[in-house]
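First comes the structure, then the notes that go with it.
In this chain, residues are counted from 1 in sequence order. Both backbone and side-chain heavy atoms feed into the values below; hydrogens, waters and symmetry mates do not.
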Amino acid sequence: MAHQTEFTAKLLDYVTKVSLRDDPILAELRELTSELPGGTSLQVMAEEAQLLALLVQLTGATSVLEIGTYTGYSALCMARALPSDGRLVTLDINPKWIEVANPYWQRAGVANRIEPIVGDAAESLELLRTERGEESFDLVFVDGDKAGYPSYYETALRLVRPGGLIVLDNTLFFGRVADPAVQDSDTQAIRDLNERLRGDDRVDLSLLVMADGITLARKRGRRAASAR
C-alpha cells in the first residue's frame with residue numbers, strides 16, 4: 001500500500017459522488033464559469049474549493065486573503081466557512097470578475113464577509129502590508145498569475161501569522177513542471193518555487209497530488225524556524 005493509486009476518470013467520478021457536498025448556487029456558478037473562454041481550466045475544482053473551506057475551519061481562520069478571484073467560486077466557499085465576523089480579502093486585476101461573482105456571493109449570504117480589491121496584485125499586497133500590518137491573516141490562498149508566484153509567496157509569508165497557512169494552487173501546472181523541455185515563464189516560476197519551498201525552513205510543507213497540485217505551507221513559529 002505504499003504506492004500512489006492511479007486515479008482513472010471512473011475513480012475520480014466515484015470520489016466526487018461520495019465526497020462532494022454541492023448546492024444550486026455552487027453548481028450554477030461552476031456552469032457559468034465553464035461557459036467562459038478558458039473557464040474549465042481556470043475554475044478551481046469543486047472538490048478543491050471544498051477542501052479550502054475545510055482548511056479555513058481547521059485553522060480557525062477569521063481573516064483570509066485570496067490572490068486571484070476569477071469568478072469568485074473559491075472565495076464563496078471559503079467565506080461560507082468563516083465565522084459571521086470573519087473577513088476574506090480577494091484580489092484581482094479585472095473588475096469584470098467581481099461583477100460576475102458578486103450576485104452569487106449575495107445569494108449565498110456571504111457578500112458582507114468578502115472585500116474585493118481590484119488592481120495589480122503586487123501593489124494591492126503592498127497596500128495591505130501597509131494598512132493592516134504583517135502577520136494579519138490566518139490563511140492565504142494563492143491562485144493568481146503564475147509568473148508572480150515566487151513574489152506572492154514571499155509576501156504571503158509576511159502577511160500570514162505564525163501557525164497560519166499558505167495554500168498555493170496549480171503547483172503541478174498540468175504536469176509541465178516535470179518536463180525539462182518546457183521553459184515558459186509561468187512553468188519556470190512554479191518549478192523554481194517548488195524547488196525553493198522544499199528547503200524553506202520557515203514553513204512545514206506538503207504538496208497534495210490533487211487537482212492541478214495543491215501545496216500547503218504552514219508558517220512556523222519564530223522559535224521553531226530558528227531552531228532548524
Side-chain angles (χ1 to χ4, degrees), residues 42 44 48-49 52-53 55-102 104-106 110-171 186 189-190 193 196-197 200 202-205 214-222 225:
L42 294 173
V44 168
E48 179 181 358
L52 289 170
L55 292 173
V56 169
Q57 293 171 318
L58 287 172
T59 57
T62 60
S63 182
V64 174
L65 171 61
E66 176 182 58
I67 303 172
T69 310
Y70 194 38
T71 58
Y73 189 90
S74 52
L76 192 161
C77 291
M78 289 189 287
R80 276 180 165 176
L82 286 168
S84 59
D85 61 346
R87 294 294 180 268
L88 181 146
V89 177
T90 183
L91 313 180
D92 207 285
I93 198 168
N94 192 340
K96 170 186 175 180
W97 301 132
I98 309 304
E99 294 172 4
V100 170
N102 193 57
Y104 292 90
W105 296 341
Q106 294 284 353
V110 296
N112 64 325
R113 301 179 193 174
I114 301 175
E115 178 187 346
I117 298 178
V118 176
D120 177 80
E123 295 176 2
S124 297
L125 289 168
E126 191 58 35
L127 183 64
L128 286 171
R129 278 186 59 208
T130 301
E131 293 184 344
R132 305 196 181 201
E134 298 188 355
E135 302 182 354
S136 55
F137 290 93
D138 302 305
L139 185 148
V140 180
F141 177 48
V142 181
D143 190 23
D145 61 289
K146 308 314 168 193
Y149 265 41
S151 174
Y152 298 154
Y153 169 69
E154 289 298 328
T155 306
L157 258 181
R158 301 181 74 169
L159 286 169
V160 76
R161 62 168 172 80
L165 188 65
I166 301 171
V167 184
L168 299 121
D169 197 18
N170 304 115
T171 48
D186 287 344
I190 295 178
L193 179 58
R196 187 194 313 172
L197 279 165
D200 192 341
R202 297 172 295 177
V203 297
D204 297 307
L205 182 69
I214 305 167
T215 295
L216 307 181
R218 178 184 177 274
K219 183 176 179 179
R220 289 174 169 166
R222 293 178 182 85

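- Within the structure, the salt bridge (charged side-chain N to carboxylate O under 4.0 Å, His left out) test picks out no pair touching residues 57-76 (sequence neighbours left out).
- Looking only at side-chain heavy atoms (C-beta outward), Leu127 and Ile117 stay at 4.5 Å or farther from each other.
- Side-chain contact between Leu197 and Thr171: absent, with no pair of heavy atoms (C-beta onward) separated by less than 4.5 Å.
- Take Arg161 and apply the side-chain hydrogen bond (donor to acceptor under 3.5 Å, both in side chains) test, not counting sequence neighbours, and it matches Asp138.
- Counting heavy atoms from C-beta outward, Arg220 and Asp204 have side chains that approach closer than 4.5 Å.
- Taking the side-chain hydrogen bond (donor to acceptor under 3.5 Å, both in side chains) definition, one finds that Tyr104 meets it with nothing, sequence neighbours left out.
- For the atom pair Tyr153 OH and Thr215 OG1, the distance stands at 10.0 Å (nearest 0.5 Å).
- A pairwise comparison of heavy atoms in Ala53 and Cys77 identifies CB-O, 3.5 Å as the closest pair.
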One pair to check against side chain to side chain contact (heavy atoms under 4.5 Å, CB included): Leu157 and Lys219. What are the steps and the verdict? CA-CA 7 Å; Leu157 258 181; Lys219 183 176 179 179; 4.0 Å; yes

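- Residue pairs meeting the salt bridge (charged side-chain N to carboxylate O under 4.0 Å, His left out) criterion with at least one member in residues 139-157, sequence neighbours excluded, are Asp143-Lys146, Glu154-Arg196, Glu154-Arg202.
- Atoms NZ and CD1, on Lys96 and Ile98 in that order, are 12.5 Å from each other to the nearest 0.5 Å.
- Among residue pairs with one or both ends in residues 114-151, none qualify as ring-ring contact (aromatic ring centres under 6.0 Å, His included); sequence neighbours excluded.
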Show your reasoning for whether side chain to side chain contact (heavy atoms under 4.5 Å, CB included) applies to Leu193 and Leu168. CA-CA 10 Å; Leu193 179 58; Leu168 299 121; 3.9 Å; yes

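- Here the CG-CD1 distance, from Leu76 to Ile114, works out to 6.0 Å after rounding to the nearest 0.5 Å.
- Side-chain contact between Leu165 and Arg218 is present, with heavy atoms from C-beta onward closer than 4.5 Å.
- Checked against side chain to side chain contact (heavy atoms under 4.5 Å, CB included), Ala101 has the following partners two or more places apart in sequence or in another chain: Trp105.
- In this view, Arg158 and Arg129, Glu134 satisfy the side chain to side chain contact (heavy atoms under 4.5 Å, CB included) rule, not counting sequence neighbours.
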Show the atom names and distances, to 0.1 Å, of all donor-acceptor pairs under 3.5 Å that link a side chain in residues 80-87 to residues at least two apart or in another chain.
residue : atom : partner : partner atom : Å
Arg80   : NH1  : Asp23   : OD2          : 2.6
Arg80   : NH2  : Asp23   : OD2          : 3.3

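- Here CG of Leu52 is found 11.5 Å from CD of Gln57. Values are rounded to the nearest 0.5 Å.
- Annotation: the span from Asp92 atom CG to Ser124 atom OG amounts to 9.5 Å, rounded to 0.5 Å.
- With sequence neighbours excluded, the residues that form a side chain to side chain contact (heavy atoms under 4.5 Å, CB included) with Ala121 are Ile67, Tyr152.
- Within the 3.5 Å criterion, the main-chain N or O of Gly133 finds a donor-acceptor partner in the side chain of Ser136.
- A 4.5 Å side-chain heavy-atom check between Asp169 and Val167 finds every atom pair outside the cut-off.
- Between Asp200 and Leu205 there is no side-chain heavy-atom pair separated by less than 4.5 Å.
- Residue pairs meeting the ring-ring contact (aromatic ring centres under 6.0 Å, His included) criterion with at least one partner in residues 75-102, sequence neighbours excluded, are Tyr70-Trp97.
- For Gln106, there are no side-chain hydrogen bond (donor to acceptor under 3.5 Å, both in side chains) partners, not counting sequence neighbours.
- When the side-chain hydrogen bond (donor to acceptor under 3.5 Å, both in side chains) test is applied to Asn102, no partner is found at least two apart in sequence or on another chain.
- Between Val160 and Leu139, the closest heavy-atom pair is CG2-N, 4.2 Å.
- Within the 4.5 Å cutoff, side-chain heavy atoms of Val118 are placed close to those of Pro95.
- Leu88 and Ala79 get closest at one heavy-atom pair: CD1-N, 4.2 Å.
- The CG atom of Leu65 lies 9.0 Å from the CE atom of Met78; values are rounded to the nearest 0.5 Å.
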